[in-house]
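Taking it in order: structure first as structure tokens, then the write-up.
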Amino acid sequence: MEKKDTKKVVNNLLKSERGRAILFFLFYFVFFLVIILMARTNLSNNKKNNTNTSIKADYDLKKLEEGNYRFTREETRNSIKTIFTGEANGGRSSFLMTSDNGIKNFFSYNDIYLEKENNSYKVSVNPYLYPRLNDYSIIKKILDTAHLKAKTTYENGNTIYQYEISSTSLLSIMDNKEVDLDDQVNLISLTTDENKNVVEIIYQLDSYHSYSYNVVEHLTIKVGYSDYGKVKELEIPS
């Protein structure tokens, strides 16, 4: 039908009440048809985008698993910071703990912690907050359980992976507690170098920590790893 004929039909329909009703329903039929088609198109595009932008982790945990490295660990609880610097090899570690109370010297092996006092070592308590984050098997289980949200690669070859994990999952992994919480997720940021080795993991554990200690606090634990395979055998101090 030509444009002139279409206009003539529309004008004729407008002259009667029945014709105007037909035009009214025809207009809304076309309107809703267009809306449905647009919705289906957007849904299809979203599915394609989700498929094309799926994120996969691509890094190597083998050197971290071997346990030979130097490390720096910063525990920031609200505005209070405690820093550990040391080295680990073969399940043993030697490190300094720096806090508002000064500097302390520790040695650990087989879950035993020794603190140096007056040139001799005495059995002490574990100085770490959430020490299981030093355990490779726990780190791996957390990363396997957490949801990978984003991945960013930089010009220097470093890549940062952003994860989310629920407090429910962390309580199961870290404390062997089975609960079902409806709270904010905890965030984990993992950085790798150009060789895909892990050089830093940052745990933002506000939700998990607040539940565990029954107090509302901000908690960030940042652990840096370096010099893989370069730490000599550590001897247990006498």
Side-chain angles (χ1 to χ4, degrees), residues 61 63-143 165 167 170-171 173-177 186-191 193 197-238:
L61 293 175
K63 289 186 177 179
L64 185 61
E65 181 182 12
E66 290 172 351
N68 185 312
Y69 49 74
R70 293 186 171 88
F71 65 90
T72 299
R73 172 175 170 139
E74 296 182 6
E75 299 177 353
T76 305
R77 189 172 178 177
N78 282 343
S79 59
I80 301 173
K81 181 176 291 188
T82 303
I83 301 175
F84 303 85
T85 56
E87 53 189 11
N89 185 7
R92 302 175 179 179
S93 66
S94 175
F95 58 94
L96 297 176
M97 172 184 169
T98 305
S99 66
D100 291 340
N101 296 324
I103 301 176
K104 297 182 179 181
N105 194 326
F106 288 88
F107 190 95
S108 70
Y109 67 100
N110 297 335
D111 291 328
I112 298 173
Y113 286 82
L114 305 175
E115 182 180 350
K116 189 174 183 179
E117 295 181 2
N118 300 323
N119 296 321
S120 62
Y121 283 85
K122 298 180 180 180
V123 176
S124 179
V125 297
N126 191 325
Y128 292 111
L129 182 62
Y130 302 117
R132 300 199 75 187
L133 290 176
N134 294 331
D135 188 338
Y136 167 78
S137 63
I138 295 297
I139 296 172
K140 187 176 187 307
K141 195 167 184 179
I142 288 174
L143 294 174
I165 187 168
S167 295
L170 283 176
L171 285 162
I173 296 170
M174 301 261 283
D175 307 286
N176 295 318
K177 292 182 179 179
N186 304 272
L187 305 178
I188 300 172
S189 173
L190 183 148
T191 302
D193 61 16
N197 296 313
V198 176
V199 295
E200 183 181 77
I201 304 179
I202 301 175
Y203 306 89
Q204 297 180 38
L205 304 176
D206 294 5
S207 175
Y208 167 74
H209 174 67
S210 295
Y211 177 84
S212 297
Y213 276 72
N214 194 28
V215 63
V216 178
E217 288 185 335
H218 298 295
L219 175 66
T220 300
I221 298 178
K222 179 169 68 173
V223 187
Y225 303 93
S226 63
D227 295 334
Y228 282 112
K230 295 182 179 180
V231 178
K232 298 184 296 183
E233 182 178 356
L234 299 177
E235 296 185 1
I236 300 174
S238 56

List, one per line, each side-chain donor-acceptor pair under 3.5 Å for residues 227-237, sequence neighbours excluded.
from, atom 1, to, atom 2, distance (Å)
D227, OD2, R70, NH1, 3.2
Y228, OH, V198, O, 2.5

- Task: Could you please spell out the steps behind the side-chain contact (heavy atoms from CB on, under 4.5 Å) verdict for L170 and I165?
- Result: CA-CA 7 Å; L170 283 176; I165 187 168; 3.9 Å; yes

- Task: Test F71 against Y225 for ring pair (Phe, Tyr, Trp, His ring centres under 6.0 Å), laying out the working first.
- Result: CA-CA 5 Å; F71 65 90; Y225 303 93; 7.8 Å; no

- What do you reckon, are the aromatic ring centroids of Y208 and Y213 less than 6.0 Å apart?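 They do not qualify: ring centres at least 6.0 Å apart.
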
- Indicate, with yes or no, if the rings of Y113 and F106 have centres closer together than 6.0 Å.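 No, ring centres 6.0 Å or more apart.
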
Could you check whether any side-chain heavy atom of [X] comes within less than 4.5 Å of a side-chain heavy atom of [Y], counting everything from C-beta outward?
X    : Y    : answer
P127 : F84  : yes
L114 : K116 : no
I139 : I201 : yes
I188 : I221 : no
L133 : I142 : yes
I112 : F107 : no
L143 : L190 : yes
Y130 : M174 : yes

Is there a donor-acceptor pair closer than 3.5 Å between any side-chain N or O of [X] and the backbone N or O of [Y]?
X    : Y    : value
S210 : V215 : yes
N126 : Y128 : yes
D206 : H218 : no

- Are R77 and E75 close enough for a salt bridge, meaning some N to O gap below 4.0 Å? no

- Message: Before you tell me yes or no, could you show the steps for L129 and T82 under side-chain contact (heavy atoms from CB on, under 4.5 Å), namely the whole-Å CA-CA distance, both residues' side-chain angles and the distance that decides it to 0.1 Å?
- Response: CA-CA 10 Å; L129 182 62; T82 303; over 6 Å; no

- Message: I'd like to know whether F95 forms a side-chain contact (heavy atoms from CB on, under 4.5 Å) with E87, so could you lay out the CA-CA distance, the side-chain angles of the two residues, the decisive distance to 0.1 Å, and finally the verdict.
- Response: CA-CA 6 Å; F95 58 94; E87 53 189 11; over 6 Å; no

- Minimum-distance pair of heavy atoms, taken over all atoms of N186 and S167: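 Nearest pair, atom of N186 first, then S167: ND2-OG, 3.1 Å.
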
- What heavy-atom pair brings N78 and T76 nearest, and what distance separates the two atoms? O-CG2, 3.3 Å

- Rounded to the nearest 0.5 Å, how far does CD of Q204 lie from NE2 of H209? 14.0 Å

- Message: What's the separation between atom CG in N89 and atom CG in N68, rounded to the nearest 0.5 Å?
- Response: 4.0 Å

- Message: Quick test of your reading: applying side chain to side chain donor-acceptor pair (under 3.5 Å), list the pairs with at least one residue in residues 94-109, sequence neighbours left out, ordered by first then second residue.
- Response: S93-S108

- Task: Could you list all the salt bridge (charged side-chain N to carboxylate O under 4.0 Å, His left out) pairs where at least one residue sits in residues 122-138, not counting sequence neighbours?
- Result: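 Of all non-adjacent pairs touching residues 122-138, those that pass salt bridge (charged side-chain N to carboxylate O under 4.0 Å, His left out) are E117-K122.
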
- Task: Report the C-alpha distance between N134 and R73 in whole Å, list the side-chain angles of each, state the deciding distance to 0.1 Å, and finish with yes or no for side chain to side chain donor-acceptor pair (under 3.5 Å).
- Result: CA-CA 10 Å; N134 294 331; R73 172 175 170 139; 2.8 Å; yes

